[in-house]
Amino acid sequence: MSLIANEAQIAPASSAGWSRLPAEYAIPQSAPSLEEAREYCRRLARTHYENFSVATWFLPKKLRQDFLNVYAYCRISDDLGDEVGDAPAALALLDEWQAELDACYEGNPRHPVFVALAETVRKFEIPKHEFSDLLIAFRQDQTVTRFETFDDVLAYCRYSANPVGHLVLYLCGYHDAERQQLSDYTCTALQLANFWQDVSVDYGKGRIYLPLEDLRRYSVSEKDIQEKQNTPAFCQMMKFEVERARQWFERGLPLVSKVDAALAIDIELFSRGGQEILNAIERQNFAVLGRRPVISKTRKLALVARAAQGKLLGKLS
């Protein structure tokens, strides 16, 4: 076991919360070396979602470690908010995580994620709020479980999704408001697609991201969601929500032509992946309750092959 993992196990922390998460997530008593911190981030990415591993195939090699550092921050931040299962404990952990973020910007972090991230922050001059905005959403998850209007959902996406796009742009050298706005459209669309895909999953966690105003407009009750009743009214509402998410993807597509080829491939891959989620919802006639729509492996491979072809053609041109 690595030095980082051993120190994490003995470090004083909010044990009620940290004990419900992987031991290596905890904040160690002393900081690891920079190389140990980099390896920690690489290892975390290897053991998590395949989508991120696929995306890294198309990244310039010189940026890969920095993307891994940012990913590690986002991954653990999300787990602190979503995997603890106890709101007071999760809020306490998020406060500790915020303190480590502050220490990262002050030059004295202890957690390996922030030791590695400090190098990335300095290199790309990333404002702290791009990281701390995510924590606002994860704190909100502990206390807000319903959204009255679609604007309320968008306000949540402003913190839960859009900062990730900004971070990617910073890593690729883009700081301007125009590209950030286009990125916001895409990131919000991806978040909406995930919400509409996971209505039953989220309800199992006590959350409904569908706007309550839409439930009323289509005469859909929470009981329908609870009992997984894909009524005609519910399916009609989901059709409306899917079309609305498509509009947000369309708004973000111009970003592809405003960034370099390598980043454009990644943006297109994620955008088309999100749109495929919407297509999967449509293919099952918008009946998502109790039956989570998924993208087939064949379709995933087709998307990756298309992205790879785009990269190859870019090299040849």
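For Arg146, the side-chain contact (heavy atoms from CB on, under 4.5 Å) criterion is met by Tyr203, Ile208, Leu212, Glu222, not counting sequence neighbours. For Leu278, the side-chain contact (heavy atoms from CB on, under 4.5 Å) partners two or more places apart in sequence, or in a different chain, are Ala193, Trp196, Val242, Ala245, Arg246, Phe249, Ile281. Listed by chain and number, the residues in a side-chain hydrogen bond (donor to acceptor under 3.5 Å, both in side chains) with Gln247 amount to none (sequence neighbours excluded). Shown here are the side-chain hydrogen bond (donor to acceptor under 3.5 Å, both in side chains) partners of Glu130, two or more places apart in sequence or in another chain: His166. Every ring pair (Phe, Tyr, Trp, His ring centres under 6.0 Å) that His175 has, sequence neighbours left out, goes to Tyr170. For Gln181, the side-chain hydrogen bond (donor to acceptor under 3.5 Å, both in side chains) test picks out no residue, with sequence neighbours left out. For Tyr156, the side-chain hydrogen bond (donor to acceptor under 3.5 Å, both in side chains) criterion is met by Asp141, not counting sequence neighbours. Checked against side-chain contact (heavy atoms from CB on, under 4.5 Å), Asp260 has the following partners two or more places apart in sequence or in another chain: Tyr174, Ala262, Leu263. Residues satisfying the ring pair (Phe, Tyr, Trp, His ring centres under 6.0 Å) criterion with Phe114, sequence neighbours excluded, are Tyr73, Trp97. Residues passing the side-chain contact (heavy atoms from CB on, under 4.5 Å) test with Asn285, sequence neighbours excluded: none.
Side chain to side chain, Asp79 and Tyr25 meet the donor-acceptor criterion of an N or O pair below 3.5 Å. When only modelled atom types and interatomic distance are considered, Gln65 and Asn69 share a side-chain donor-acceptor pair under 3.5 Å.
Under the 4.5 angstrom side-chain criterion for Ile, Leu, Val, Met, Phe, Trp and Tyr, Leu253 has no cluster partners at all.
Contacts classified as salt bridge (Lys or Arg N to Asp or Glu O under 4.0 Å) and involving residues 228-241 (residues at least two apart or in different chains) are given here: Glu241-Arg244.
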